[in-house]
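Have a look at the structure below, then the notes.
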Amino acid sequence: MADALVIGAGIGGLTAAAALARRGWKVTVCERAASIEPVGSGLAIAPNALRALDTIGVGDRVRELAALQGVAGVRRPSGGWLSRADVEAARARYGDPIVLLRRATVVDLLADLLPSGALRLNTAVRDVDAASGRVTTDAGELRADLVVAADGIRSAARRALFPGHPEPVYSGVTSWRLVVPGGGVSAPVVGAESWGRGLVFGVMPLAGDEVYCYATAAVPAGRGHADPAEEKAGLLRLFRGWHAPIPELLSRADPAGIVRSDVFFMDTPLTAFHRGRVALLGDAAHSMTPNLGQGACQAIEDAVVLAHLVDEGGSVEDALAAYTRDRLPRTTAIVRRSASINRLTRLASPPAVFARDTMLSLAGLTGPSAALRQADAVFNWWPPAS
Ligand SMILES: Cc1cc2nc3c(=O)[nH]c(=O)nc-3n(C[C@H](O)[C@H](O)[C@H](O)COP(=O)(O)OP(=O)(O)OC[C@H]3O[C@@H](n4cnc5c(N)ncnc54)[C@H](O)[C@@H]3O)c2cc1C
């Protein structure tokens, strides 16, 4: 039995570990944190990632536990629609809609697929040797036939394997994520993003009467408040006067549950997603802005493609070269597209916002399927047949 060592138990690392274990690899996952409880927020899983999750046997569980987004689209701060698509049209086009669930639910489903004893918490990886597959951790040295570096946007493995490659850059926006109770809200909770001047507010219904909200603002990095109550007060000020139920949802937020993070992304793609026996995956390989809701979805795609390729029978090095050929062009295009939407959301001057909104509403006038067609290149992806 071949050995795989996965660095990082985020969504990318857990999916890779599950996909490899399913194919008979002996898997060890080293996670530096003491637990794998993710930040309290929601996660959109698009049809492409649902198909990938089907290959490891959890696609249907995700569909069951998720809230299906009734309508998705872009609104003005006043509530008027700039463009919209609906769940049935998405299902007809892609076989599935985008589904929404708590991030912790996805992590739990994936973690349940790991063989017992595979996950080693409190185990930080300190060094990786690409040629031999030797990994130095806090708890000693390990060796594996395949090392999967899924250690996130600040990946130390990426720095070690591609020294001098530019670090992720600030996207120009900071983000907030929160989950609030949705019961009894005075206006319908409709899944949508609302775009203002340099501001975005997303409302996404979750199963169980909860609502996942996220927001972005075009502000310099590093301006977060140390006091959660101040953070909440700042958000309420930013979105005062926006359409219902945004201010009401915000007023329900537990300040301690608001997660603020400055958004960075890799605007210079790597030249490869592998070196020797090490594959980079997820945010470690191609961190992107959240505008397409594809960061975790692409990590999931990476993981199932990688597991398929290393199971083909050739050498690990050849399989990883094929992994780069498969994943680098697709993820690079998605990183770029996401960044260009990010630029649109940062526009703040009235003439630029007017031009942007006119463009969006003209595109919307051609009907909901026009909005969906935009997503074809991302959602029309199928995992390799095994
Ligand atoms: C506001 C916002 C909203 C988003 N919404 C969506 C969405 O709706 N849909 C979507 O698909 N994506 C979304 N994303 C993107 C998504 O969150 C990320 O792309 C995804 O979580 C990346 O997963 P990962 O496993 O690659 O990395 P991570 O989740 O960052 O996991 C990396 C793991 O590695 C561990 N680690 C790091 N270094 C070491 C080490 N040396 N040794 C051991 N362990 C280590 C870390 O502790 C961590 O657990 C969003 C992002 C943001 C900012």
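Ligands are counted one by one from 1 in listed order, and the atoms in each one are counted from 1 as well. The figures that follow rest on heavy atoms only: side chains count, while hydrogens, waters and symmetry mates do not.
Considering both main-chain and side-chain atoms, G293 comes within under 3.5 Å of ligand 1 through a nitrogen or oxygen pair. Note: an N/O pair closer than 3.5 Å links A44 and ligand 1 by distance alone. Below 3.5 Å of separation, one finds no N or O of I153 facing any N or O of ligand 1. Polar contact check, P290 against ligand 1: no nitrogen or oxygen pair lies under 3.5 Å apart. At least one N/O-N/O distance between A296 and ligand 1 falls below 3.5 Å. Residue C297 has at least one N or O atom closer than 3.5 Å to an N or O atom of ligand 1.
Put simply, part of I7 is less than 4.0 Å from ligand 1, judged by heavy atoms. Ligand 1 has C30 within reach: a non-hydrogen atom of the residue lies less than 4.0 Å from it. Ligand 1 lies nowhere less than 4.0 angstrom from a heavy atom belonging to S261. Using a non-hydrogen distance threshold of 4.0 Å, T123 registers as a contact of ligand 1.
Of the N and O atoms on the side chains of T332 and H286, not one donor lies less than 3.5 Å from an acceptor on the other residue. Side-chain N/O atoms of T123 and D138 include no donor and acceptor closer than 3.5 Å.
The contact set between ligand 1 and A150, taken as ligand atoms under 4.0 Å from a residue heavy atom, comprises 32 (C), 33 (C), 34 (O). Within ligand 1, the atoms closer than 4.0 Å to a non-hydrogen atom of S175 are 1 (C), numbered from 1 in the order shown.
In this structure, L281 and F273 have side chains that are not in contact, with every pair of non-hydrogen atoms separated by 4.5 Å or more.
Under 4.0 angstrom from ligand 1, the non-hydrogen atoms of R177 all belong to its side chain. Both the backbone and the side chain of D283 come within 4.0 Å of ligand 1, counting heavy atoms alone.
In terms of protein heavy-atom proximity, atom 42 (N) of ligand 1 is closest to V125 N, 2.9 Å. Of the protein's non-hydrogen atoms, G152 CA, 3.7 Å is the one closest to atom 27 (O) of ligand 1.
A distance-only check finds no donor-acceptor pair linking the side chain of E193 to the backbone of G202 [under 3.5 Å].
With atom 17 (O) of ligand 1 as the reference point, the heavy atom nearest to it among E31, R103, R32, Q294 is part of R103.
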